[in-house]
Amino acid sequence: MAEQPVVVLLHGLGANRHVWDGVAGLLRADGVTVYAPDIRGHGEAPWRKPYTFGAMAADVAEALQRDHRGTPYIVAGHSMGGVVGLALASGWFGTPPQLAATIGVKLRWSAEEVGRIAELASRPPREFSERADAVEWFMKLAGLHRVVETDDERIGMAIEAGVMRTGSERRLSAGDEPAHENSPDSAAGWCVAQDPATVGVGPPDVTGLLAAAKCQVVMALGGRDPVVTPEHHHDLTAAASTNPLAAGVAEPHVFSGLGHNAMVEEPRAVADWLAALSAP
């Protein structure tokens, strides 16, 4: 009998691993081994440059090599995490997954959006005197504002990991320098746990990553996602035609009635989709 793969779940920009808690719980109940990390600069992970898709993929590959050496895996990533999954699918960072699945990857970027990236990435963390204000800012950065309420049990752990005291020890690895000279150093207030410099990861080269994929790639989005639409996926038609492993990406799976954070809004729908994809 073939060894069951580890399912790697990767969060998007501004979020943390706990946005996958609902899906992870359902998969684990079915006996699936799940690995859901905080990507560098988010949650409890270090604030550590560079913030590139390659560096993030290397972190994940290193952890898999350490904790799941030799075990096959599939990767499912949301938004930014989906691009990290595509980077892993290239095989540039070690053994590629058996399958790479993405949800809500942004495919079209305006000149204005691209032009603002450097300025946004250079800002120091915003400080708030009240935790509730930091929570609201986290919800906006993670794309959860007005999607779920802050007291919704589906998002409780994500909020806990998403905000911190401004006087908290900076999440840095040994020898690293702070990403910002003006990082909060007072215990008087609150800030989000995301390093603003992570915004500098910028627009992904999805076309190039699809061409490089060494495993099957499938893509999905919520039917009410304001970030990406099925029409945007038609931009990938040429890329899909060059690599049979990415043949279906121009016609993504659509989670009807769901938005950008489909895995938070309806964990069962996403867990069932992943289970069907990974079935022998």
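These numbers come from the heavy atoms of this one structure, side chains and all, not from hydrogens, waters or symmetry mates.
- Between Arg224 and Glu266 there is no salt bridge, since no side-chain N of the basic residue sits under 4.0 Å from a carboxylate O of the acidic one.
- Contact of the His253 side chain with the Val218 side chain is not registered, since no non-hydrogen atoms from C-beta on lie closer than 4.5 Å.
- Remark: side-chain polar atoms of Asp205 are paired, donor with acceptor, to backbone N or O of Gly208 under 3.5 angstrom.
- Looking at Trp47, its side chain does come within 3.5 Å of a backbone N or O of Ala193 through a donor-acceptor pair.
- Heavy atoms only, all atoms of each residue included: Leu221 and Val228 are closest at CD1-O, 3.2 Å.
- Side chain of Lys106 to main chain of Gly104: no donor-acceptor pair is present (N/O by atom type, distance under 3.5 Å, no hydrogens or angles).
- Summarising the local packing, CD of Glu62 is surrounded by 12 or fewer heavy atoms from other residues, nucleotides or ligands at distances under 6.0 Å.
- Between His78 and His260, the gap from one ring centroid to the other is short of 6.0 Å.
- A side-chain donor-acceptor contact under 3.5 Å links Thr166 to the backbone of Gly189.
- For the pair Arg40 (side chain) and Arg48 (backbone), a donor-acceptor distance under 3.5 Å is present.
- Side-chain contact between Arg17 and Leu9: absent, with no pair of heavy atoms (C-beta onward) separated by less than 4.5 Å.
- Inter-residue side-chain proximity for Ile103 and Phe255 is flagged as met; some heavy-atom pair is nearer than 4.5 Å.
- Annotation: cation-pi geometry satisfied between Arg126 and Trp137 (NZ/CZ under 6.0 angstrom from ring centroid, within 45° of ring axis).
- Partner Leu210 forms a side-chain contact (heavy atoms from CB on, under 4.5 Å) with one of Leu245, Asn243, Val217, Thr242 and no other, that one being Val217.
- A 4.5 Å side-chain heavy-atom check between Tyr35 and Leu64 finds at least one atom pair inside the cut-off.
- A donor-acceptor contact shorter than 3.5 Å links the side chain of Asn16 to the backbone of Ala158.
- One N or O on the side chain of Asp152 and one on the backbone of Arg154 form a donor-acceptor pair closer than 3.5 Å.
- The line from CG of Asp195 to NZ of Lys49 is 7.0 Å long, rounded to the nearest 0.5 Å.
- Listed for the Glu113 side chain is a donor-acceptor partner under 3.5 Å among the backbone atoms of Ser110.
- In this structure, the side chains of Ile155 and Thr150 stay at 4.5 Å or more apart for every pair of heavy atoms.
- For Glu149, the CD atom is loosely surrounded, since the number of other residues' heavy atoms within 6.0 Å does not exceed 12.
- Side-chain atoms of His232 do not come within 3.5 Å of backbone N or O of Pro230 as any donor-acceptor pair.
- For the atom pair Ile74 CD1 and Leu88 CG, the distance stands at 12.5 Å (nearest 0.5 Å).
- Counting heavy atoms of neighbouring residues, nucleotides and ligands inside a 6.0 Å radius, atom CZ of Arg116 does not exceed 12 of them.
- Proximity of Tyr73 to Gln98: side-chain heavy atoms (C-beta onward) are nowhere separated by under 4.5 Å.
- Heavy-atom minimum distance, Thr102 versus Gly82: CG2-O, 3.6 Å.
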Verdict with supporting geometry, His18 and Asp21, side chain to side chain donor-acceptor pair (under 3.5 Å): CA-CA 5 Å; His18 292 293; Asp21 280 356; 3.0 Å; yes

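- Atom NE2 of His42 and atom CD of Glu44 lie 14.0 Å apart (nearest 0.5 Å).
- You'll find the ring centres of Trp20 and His11 outside the 6.0 Å limit.
- Here the closest heavy-atom approach between residue Trp190 and residue Ala134 is recorded as CB-CB, 3.7 Å.
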